[in-house]
Amino acid sequence: MNALLDGMLAVFEPSVMLCLGVGVLVGMLVGMFPGVTATMAVALASGFTMTLEPVQGLAVLLTIYVAANFGDRIPSILINTPGTPASIATTFDGYPMAKNGQAGLALIVSALVSAIGIMASMVLFAGASVPLAQLALRFGPSEMFAVVILAMTIMISISSKSITKGLLAGVIGLFIATVGRDPITGDARFTFGVRELNGGLDFIAVIIGLFGIAELFDQLLTHREHKIKPISALGRWWPTKSEYKRIAKPTLVSGMVGLVVGIIPGAGGDIAGLLGWDRAKAASQTKASFGKGNIEGVAAADTASSATLGGSLTTTMALGIPGDSVMAVMIGSMIVWGIQPGPSLFVNQPELVVTITAIMVLATIITLAINLIRMPMMVKLLDLPKHYIWATVLVFCVVGTYATTNNLFTVTVMLCFGVVGVILKRSGIPAGPIVLGLILGPLAESNLRRSLLIDGPAGLINKPISAVLIALAVIAVVIAISAPLMARRRAKASDPVAHSTS
Amino acid sequence: MPRPPATPKSWPNRIMVEPGKLASPFGSADVLPEQTVAEPDYAARPSRRLEIAIAASALALSVTALLVSRAIPLRMGGGGIDPRWWPTLLSVLASALSALLVAMSLFGQTPARGEMEAAEPDGWTRMLLALALSALYVFAWSHLGYVGPTLVFNLVLLRIFGLRSWKALGVYSVVTTAFIYGLFHYLLRVPL
């Protein structure tokens with residue numbers, strides 16, 4: 001009971017409330033500007049929050065996570081451009097609705113169902129994280145190694161277009177994690193006499209480089225001058241009684257999809273949004289109008305993508321395995337604050353788990369309230385020239401990285417990883433598995449070496465849990481390899497003429 | 001899964017050009033769906049030569065990593081599961097995956113580049129200038145402190161990115177430099 005009360009009270013400290021306000025503002029803004037993703041924003045904010053108390057820092061980062069999830073729907077609906085990948089499916093019906101003069105209605109429905117999705121996912125977090133953590137507490141070195149391998153293979157098979165490049169990215173991440181002192185013997189590895197590398201590469205610098213600088217450089221490379229004016233005639237705002245009834249079913253169907261997808265490591269709002277929209281369409285009586293401005297389509301896409309948040313948080317906090325790329329970045333910050341996500345967190349700092357839940361719920365309520373206020377300002381902000389965003393992001397990346405260590409060497413590392421990141425991005429090698437490998441590398445190495453020293457190679461297969469987890473990892477890779485081949489074969493069978501001439 | 005409706009192709013610039021709006025400085029919400037025309041395709045083209053270069057570079061780096069891993073100096077005797085073991089295992093895995101990529105790039109179908117957009121001719125200049133400027137900024141910061149280099153960095157950066165108004169350049173540089181200084185120095189207690 002004390003943990004519950006302490007955790008709740010911690011959120012209502014004035015400084016934490018101030019951090020919540022800052023997080024909401026930043027999150028809404030980054031969500032609204034296409035090209036600035038929640039991962040990038042949380043990576044950037046990590047630099048600024050290092051000096052804060054853990055609860056204050058978590059309030060900023062988690063609120064950005066929540067608010068960006070609301071903000072990214074606005075450009076999807078008004079200019080047909082998703083603010084972040086999680087709102088891709090919102091464009092299917094949101095923009096046609098806006099063109100039909102129902103932009104206000106689409107914005108309000110989107111905000112309402114996003115809040116419902118997040119709240120439902122927080123119920124999942126509250127109910128599932130403790131049993132999952134209790135199960136994970138029984139894991140030995142071989143089981144922990146198997147969990148890491150399973151999480152990595154699932155993320156790679158979901159997030160990468162080429163499974164080979166995805167696996168290579170994961171291995172690169174694990175390799176980068178070996179820089180510094182050996183976790184068991186303390187021998188220096190790949191430090192080349194540089195004192196700053198003894199503790200390993202600075203995690204925050206690497207992620208700001210890979211997600212912030214690389215994304216910025218890619219935009220600088222591909223930017224074209226074109227102007228599209230956001231839709232300014234917003235029309236009616238609040239749904240009618242019959243419209244509330246219409247959105248109930250798609251909200252429920254896609255919410256379930258989002259909850260399931262959220263639990264899977266590496267699968268985020270973008271996948272859930274597309275799947276949720278598709279399932280709601282299949283269950284709808286008005287499926288012919290999906291994609292042409294159907295209010296059910298907006299409700300389905302946004303509920304599903306929002307409902308992934310709690311699932312991602314569950315995997316992150318209960319297992320220490322990041323549920324999505326934002327959580328991967330957040331784990332890095334938490335480690336710097338001395339918080340080790342994983343099953344032991346529930347034993348050592350139960351009040352923190354309550355605090356995290358309270359922050360997420362409060363952030364959802366505040367952001368929903370802001371979204372329900374009609375703000376013509378939001379439309380005006382979409383017109384802000386790109387050069388201001390680029391310059392601000394670059395300066396904040398440099399200064400934010402410097403703030404983590406007060407050492408310009410860290411900034412150099414960040415810039416180097418920015419260059420590496422843009423090369424990898426242009427090569428089709430995803431950054432997500434690299435970061436996951438970097439986070440989980442020490443865990444994988446130390447547990448594998450311990451397991452091999454204690455039980456030998458057979459220990460990985462003889463223990464039922466690790467054997468099952470490794471088998472699942474193999475299945476994930478096999479499915480990822482075979483699915484595109486089967487799809488190609490099916491397409492060939494359905495249209496043999498086109499394929500014979502191509 | 002059935003195909004979703006046609007969406008703009010390459011995010012974040014996956015948008016539809018609306019002639020009605022382009023003609024008017026204020027835009028219009030009254031453009032009908034059938035009046036919209038698809039934007040020219042800016043997607044990056046698949047390239048076998050590029051795939052071979054990527055795979056060959058990955059292989060060269062993986063083999064280098066393998067050699068460097070074997071050369072890790074050990075304080076105590078090596079052998080078995082020593083500090084070299086894990087990096088060696090990873091570089092062997094990376095070499096195998098890179099060799100597979102080489103084979104696929106030589107003999108397989110050239111893969112599509114997904115949602116990636118083609119680089120603009122002036123994009124490389126813009127990116128390399130931003131990188132060089134950032135490196136110079138870090139160097140200047142270490143010698144001259146935060147304020148002066150940050151002011152100049154902001155000013156030159158925006159100029160490169162296309163802002164032409166000197167008034168806007170000046171105001172943005174001063175405000176951003178002052179805001180960051182205030183935020184870090186006074187609020188977060190991080191000396192700059």
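Only a predicted model underlies this, so the values are computations on that prediction, with no experimental measurement involved. All values below come from the heavy atoms of this structure, side chains included, with hydrogens, waters and symmetry mates left out. Every chain is numbered from 1, with letters handed out A, B, ... down the list of sequences.
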J.: Restricting to non-hydrogen atoms, name the atom on B:P73 and the atom on A:D187 that form the minimum distance, rounded to 0.1 Å.
T.: O-OD1, 4.0 Å
J.: Measure up the A:F145 and B:W86 rings against each other and bin them: parallel (under 30°), tilted (30 to 60°), perpendicular (over 60°).
T.: perpendicular
J.: Going by heavy atoms in the side chains, are A:Y388 and B:T176 under 4.5 Å from each other?
T.: no
J.: At their closest point, which heavy atom of B:S134 faces which heavy atom of A:L394, and how far apart are they?
T.: OG-CD2, 3.7 Å
J.: Out of A:D182, A:L221, A:L453, A:L168, return the one with the most heavy atom pairs under 4.5 angstrom to chain B.
T.: A:L221
J.: Non-hydrogen atoms of chain A under 4.5 Å away: do they reach the side chain of B:I54, the backbone, both or neither?
T.: side chain
J.: Drop me the distance from B:F139's CZ to A:L408's CG, to the nearest 0.5 angstrom.
T.: 11.5 Å
J.: What part of B:A53 lies closer than 4.5 angstrom to a heavy atom of chain A: side chain, backbone, both or neither?
T.: neither
J.: Select one option (side chain, backbone, both, neither) describing which atoms of A:V411 are under 4.5 Å from chain B's heavy atoms.
T.: side chain
J.: Drop me the distance from A:Q219's CD to B:M127's CE, to the nearest 0.5 angstrom.
T.: 13.5 Å
J.: Please report the shortest heavy-atom distance between A:T164 and B:L97, naming the atom on each side.
T.: CG2-O, 3.7 Å
J.: Please flag which part of B:T125 lies under 4.5 Å from any non-hydrogen atom of chain A: side chain, backbone, both or neither.
T.: neither
J.: Heavy-atom distances under 4.5 Å only: say whether B:W85 touches chain A with side chain, backbone, both or neither.
T.: side chain
J.: Identify which part of B:L131 has an atom lying under 4.5 Å from any heavy atom of chain A, answering side chain, backbone, both or neither.
T.: both
J.: So which atom in B:E120 and which in A:H223 form the shortest heavy-atom distance, rounded to 0.1 Å?
T.: CG-O, 3.4 Å
J.: Of the backbone (N, CA, C, O) and the side chain (C-beta and beyond), which part of A:T178 lies under 4.5 Å from a heavy atom of chain B, both, or neither?
T.: side chain
J.: Quick one: what part of A:T412 sits under 4.5 Å from any heavy atom of chain B, side chain, backbone, both or neither?
T.: side chain
J.: Tell me, for A:I172 versus chain B, whether the close heavy atoms (under 4.5 Å) come from the side chain, the backbone, both or neither.
T.: neither
J.: Between B:S69 and A:F175, which heavy-atom pair has the shortest distance, and what is it?
T.: OG-CE1, 3.7 Å
J.: Let me know if A:Y402 has heavy atoms under 4.5 Å from chain B in its side chain, its backbone, both or neither.
T.: side chain
J.: Sub-4.5 Å heavy-atom contacts with chain A: which residues of residues 87-96 of chain B show up?
T.: B:P87, B:L90, B:S91, B:L93, B:A94
J.: Decide, yes or no, whether a salt bridge links A:K165 with B:E51 under the criterion of side-chain N to carboxylate O below 4.0 Å.
T.: yes
J.: To the nearest 0.5 Å, tell me how far B:L129 CG sits from A:L220 CG.
T.: 10.0 Å
J.: Given 3.5 Å as the limit, does a donor-acceptor pair link the side chain of B:R75 with the main chain of A:T185, or not?
T.: yes
J.: Which members of residues 142-150 of chain B, sorted by number, sit under 4.5 angstrom from chain A on a heavy-atom basis?
T.: B:S142, B:Y146
J.: Could you check if a side-chain atom of A:F409 sits within less than 4.5 angstrom of a side-chain atom of B:V138, using non-hydrogen atoms only?
T.: no
J.: Could you tell me which portion of B:F179 (side chain, backbone, both or neither) has an atom closer than 4.5 angstrom to a non-hydrogen atom of chain A?
T.: side chain
J.: Could you state the interatomic distance from NE2 (A:H387) to CZ (B:R126), rounded to the nearest 0.5 Å?
T.: 11.5 Å
J.: Does a sphere of radius 6.0 Å around CZ in B:R49 hold more than 12 heavy atoms from other residues, nucleotides or ligands, not counting ones at 6.0 Å or beyond?
T.: no
J.: Is A:A89 in contact with chain B via its backbone, its side chain, both, or neither, using a 4.5 Å heavy-atom distance?
T.: neither
J.: Quick one: CZ on A:R449 to CG on B:D82, what's the gap to the nearest 0.5 Å?
T.: 7.5 Å
J.: Chain A heavy atoms under 4.5 Å from B:L157: which part of the residue, side chain, backbone, both or neither?
T.: side chain
J.: Using modelled atom types only, decide if a donor and an acceptor are shared between the side chain of B:Y172 and the backbone of A:T392 within a distance under 3.5 Å.
T.: yes
J.: Given 3.5 Å as the limit, does a donor-acceptor pair link the side chain of A:R189 with the main chain of B:R84, or not?
T.: no
J.: How long is the gap from CD1 on A:I423 to OG on B:S57, to the nearest 0.5 Å?
T.: 9.0 Å
J.: Relative to each other, are the rings of A:W390 and B:F161 parallel, tilted or perpendicular (30° and 60° limits)?
T.: perpendicular
